[in-house]
Amino acid sequence: GEVAFQCRKCRHINYDRLDAFLCVECGYCSSGSFSYELQAGGATSAVAILSEDDLERSIATLQIRDKKYNELQASLKKVISDANSSIGNKRNRDSN
């Protein structure tokens with residue numbers, strides 16, 4: 001016979017948590033499912049890191065690009081904030 005609390009896939013019984021969402025042995029879930037889709041491809045512009053110098057150069061490049069990204073993000077937030085405040089000011093003038 002089949003026990004009500006056993007996993008339908010591997011027949012394991014989790015005595016610590018009989019009403020568990022996932023089976024602790026195989027990961028089976030009778031209530032739902034998970035699906036993943038991966039896409040991969042060759043990185044044609046990637047640079048191989050073969051030495052400590054290459055590593056340091058790559059880290060420096062990443063730090064420079066991270067700094068530029070953060071600056072662009074801050075300026076975009078400022079533009080959005082300015083646009084929102086000008087829209088708010090215009091609405092206040094129109095309602096008066």
### Query
Who else is in the cluster with Leu55 when I, L, V, M, F, W and Y are joined by side-chain contacts under 4.5 Å?
Ile49, Ile59
### Summary
Here the gap from Cys7 atom SG to Tyr28 atom OH, rounded to the nearest 0.5 Å, amounts to 7.0 Å
### Nonpolar side-chain network containing Leu76, other nodes, edges under 4.5 Å
Ile80
### Query
According to the salt bridge (Lys or Arg N to Asp or Glu O under 4.0 Å) rule, which pairs have a member within residues 19-32, sequence neighbours left out?
Arg17-Asp19
### Query
Taking only residues at least two apart or on different chains, which pairs with a member in residues 60-80 satisfy salt bridge (Lys or Arg N to Asp or Glu O under 4.0 Å)?
Lys78-Asp82
### Which atom of Arg11 lies closest to which atom of Arg8, heavy atoms considered
NH1-O, 4.0 Å
### Task
Identify, with sequence neighbours excluded, every residue that meets side chain to side chain contact (heavy atoms under 4.5 Å, CB included) alongside Cys29.
Phe21, Leu22, Ser31
### Query
What pairs of residues pass the salt bridge (Lys or Arg N to Asp or Glu O under 4.0 Å) test when at least one of them lies in residues 43-59, not counting sequence neighbours?
Asp54-Arg57
